[in-house]
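Data block below; observations after.
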Amino acid sequence: MVLSVTAVAAMLAGLATPALAATTPTTGPLAPLGTSVSYLRNVLPGLARATDLGPAAGATPMRAVVSLARPDPSGEQRLLDAEHDPSGPQFNRFLSTAKFADRFGVPADRLTATTDWLRAGGLRVTSVSSARDQIGVTGTVASVSRLFATPIHAFDSPDGHFLANTAAPSTPANLGVSNIVGLNTLQRMHSPSLPLPLQSSCLARTCVGGTTPADLWSVYEQPAAFTGKGQRVAIFGAGATEGLVSDLRQFSDRFGLGQVPVRVHHPAGDTDFRDDSGRVEWNIDTQAAHGMAPGLDGLDLYFGEDLTDADVAKVFSEYTDDQDSPRQASASYGECESVPGLSPIAGNPLFDLVTAPPVALGLGNNLDATLTAITRQAALEGKTIFSSTGDTGSSCPVVALPVIGAGNGLLNQGVPLTNSPSDLPQVVGVGGTVLYTDGAGHRTREYGWAFGGGGSAQFIPAPAYQRGTPGLTLHCLNDPATLCRGIPDVAAQAGDVTGNGYHIVSRGRPEQGAGTSLSSPLWAGMWARVQSASTQPGGLGFADYPIYRLGRNPASNPRDFHDISSTDTRTALPSTNGLYPALPGWDYQTGWGTPRVAGLICDLTRHC
């Protein structure tokens, strides 16, 4: 069932409750002195639909990230806007990691007070971010439960066995803790990926099957003079990397791209990288990025142990804190956007309309608050994170459907929330198209993919760069006077995950990759190509600012973007992803459309 935006607004009205609420002091030897703060959003809303197996074994290890509120978020946003104002003195003057920490970081005494409290509670501090706002910790269930004053139970559900806290955690108010990620083992990112059989056939100048890098160089008008030299691309992932590097080498040889240096980065405290289950996804990411930018100086793999929310936060922070990290990155995974006031959700009729019993379990995302701060820092440092909008159409992955294996499934799941992190203000959300060529590098048809993610975030106001965009019309559910963030920002080939995709090598075999998991790294590679033409010492900065500046300009738009507003030829109907059709100009299915890279280079670097 696909719900209308109006119906969702009616059902979610009144859900917003304060994220934090004062509580009475806890008791016991580790109790904080004075007022404590509870985190109402940090409890999964659907626990009543899972089987409670009782308190988890006290010795079970847990990992978490404790976030501290930085002192001047409004000042950060003002500076970010100024960095992208071509008429102002701060234009393209991006902060180094150290300067960001000096100007906006958490005071050292507050960090010390927090780490002392965590260690006294029996937790081990494994990492601290450069801005002193993200603290990675490990400990046992017993110590985590005791310190944060919340029981932790084991549960069974159709999503599997997991641990979760059953009450709102609390911390001493004077520490300024803004979020805690990792108090359950259910919440994680999902990344659908499917290797398709390699096939190719052409009829009447329209070819089905996989596109090659050279096909996309031609279709997306990528000039041979600029191929990514001087740039690197980061890929976010999890688990083993040896096999995907081997596959990348074979892919590069197959298409004559030359070998690209690869560096691997792991967050502090992570030690187990044996899991190879995500190899197809990371093959798509690395091979799409290198395929679009064959002249890259390198690919940097920022890989955690897994895709649990706590580890994803550490990966994002590792990239942001690395002063030498690439200026562009791709994260081909997502989960449902955060919903304010999670406690009332479990019994809300919105979720009762979806018949899958574990539906509400996937809607407890509290990672957004942490990633919003991390990605704003990355943007202030002149970095761009691209992220796929998902493969569930105008809904988010409420449940991990086994349609194509572990992942968010190829099905519109009926709840019109957007995918995070692609909907965050300082992330470029990349949607998907179905692309057909004539076999000689020319586009014959391109339309919005029916399962490509996109829509209106329900609770994130439209950022400054997006306001004033024709086509952005939907308002926030918790503030009807405010336009909300719309995604995608742009789009690229996703294929249709049946026979139309992009040539890759997977486990040593030629295959195809598809999904918006392909679209995001394609854009990361193409943006590296654009940046390789720039003479700006710090590059072009966070990409959404120039993308929207060019998109809204009637003179530059047709030169820089191929608008996707055609019909789906299989149905002769306007292509939609459920609620949202592909329309002329910016829209909620394909954003500004697919790139004309030569035009972007011309307008942004003056190499015409």
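Quick note: numbers below take in every heavy atom, side chains included, and nothing from hydrogens, waters or symmetry partners. Quick caveat, the model's predicted, so the values are computed rather than measured.
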### Message
Whether Arg188 and Asp306 form a salt bridge (side-chain N of Lys/Arg under 4.0 Å from carboxylate O of Asp/Glu) is what I want to check.
### Response
no
### Query
Is it true that Asp603 and Arg549 make a salt bridge, defined as a side-chain N closer than 4.0 Å to a carboxylate O?
no
### Message
Closer than 4.0 angstrom, basic N to acidic O: yes or no for Arg467 and Asp81?
### Response
no
### Query
Should Asp276 and Arg507 count as side-chain neighbours, where that means a heavy-atom distance under 4.5 Å?
yes
### Query
When rounded to the nearest 0.5 angstrom, what distance separates CD in Glu511 from NE2 in His503?
11.5 Å
### Query
Sequence neighbours excluded, which residues qualify as side-chain contact (heavy atoms from CB on, under 4.5 Å) partners of Ser325?
Tyr302, Tyr319, Asp322, Lys383
### Query
Who are the side-chain contact (heavy atoms from CB on, under 4.5 Å) partners of Thr227, not counting sequence neighbours?
Pro294, Arg529
### Check: Tyr502 and Pro213 side chains under 4.5 Å, non-hydrogen atoms
yes
### Side-chain H-bond candidate by donor/acceptor type, Arg552 with Thr469, under 3.5 Å
yes
#### Entry: Distance in Å, Asp247 CG paired with Arg254 CZ, rounded so as to fall on 0.5 Å steps
12.0 Å
### Query
Do the side-chain N and O atoms of Gln458 and Glu337 include a donor-acceptor pair separated by under 3.5 angstrom?
no
### Query
Are side-chain N/O atoms of Asp253 and Gln259 paired as donor and acceptor at under 3.5 Å?
yes
### Task
Considering non-hydrogen atoms only, spot the tightest contact between Thr482 and Pro461 and give its length.
CG2-CB, 3.9 Å
### Task
Answer yes or no: is there a side-chain heavy-atom contact under 4.5 Å between Leu216 and Met292?
yes
### Message
Is the shortest side-chain heavy-atom distance between Thr433 and Trp449 below 4.5 Å?
### Response
no
### Query
Does a donor on one side chain and an acceptor on the other come within less than 3.5 Å for Ser330 and Ser520?
yes
#### Entry: Ring centroid separation His607 to Phe226 under 6.0 Å
yes
### Tyr588 ring center within less than 6.0 Å of Trp586 ring center
yes
### Summary
dist Leu474:CG -> Leu483:CG (nearest 0.5 Å) comes out at 8.0 Å
### Query
Is there a side-chain contact between Val490 and Phe561, using heavy atoms and a 4.5 Å cut-off?
yes
### Query
Which pair of non-hydrogen atoms, one from Leu600 and one from Asp560, has the smallest distance, and what is that distance?
N-OD1, 3.1 Å
## Note on the structure
Only residue of Leu604, Ile601, Leu540 satisfying side-chain contact (heavy atoms from CB on, under 4.5 Å) with Ser534 is Leu540
### Task
If the plane angle is over 60° it's perpendicular, under 30° parallel, otherwise tilted; pick one for Tyr545 and His84.
parallel
### Query
Considering only heavy atoms from C-beta outward, does the side chain of Leu435 approach that of Glu446 to under 4.5 Å?
yes
### Task
State, yes or no, whether a side-chain contact exists between Gln231 and Asp297 at a heavy-atom distance under 4.5 Å.
no
#### Entry: Heavy-atom pair with the smallest gap, counting every atom of Glu281 and Ser332
OE2-CB, 3.3 Å
### Message
Is any side-chain heavy atom of Trp592 closer than 4.5 Å to one of Tyr548?
### Response
yes
Please set out all donor-acceptor pairs under 3.5 angstrom arising from side-chain atoms of residues 422-430, sequence neighbours excluded.
from	atom 1	to	atom 2	distance (Å)
Ser422	OG	Asn419	O	2.8
Asp423	OD2	Thr418	OG1	2.7

### Query
Do the side-chain N and O atoms of Tyr580 and Gln589 include a donor-acceptor pair separated by under 3.5 angstrom?
no
### Task
Would you check if the distance from the ring center of Phe236 to the ring center of His265 is below 6.0 Å?
no
### Message
Looking at every heavy atom in both Glu335 and Asp309, which two are closest together, and how far apart are they?
### Response
OE2-OD1, 2.8 Å
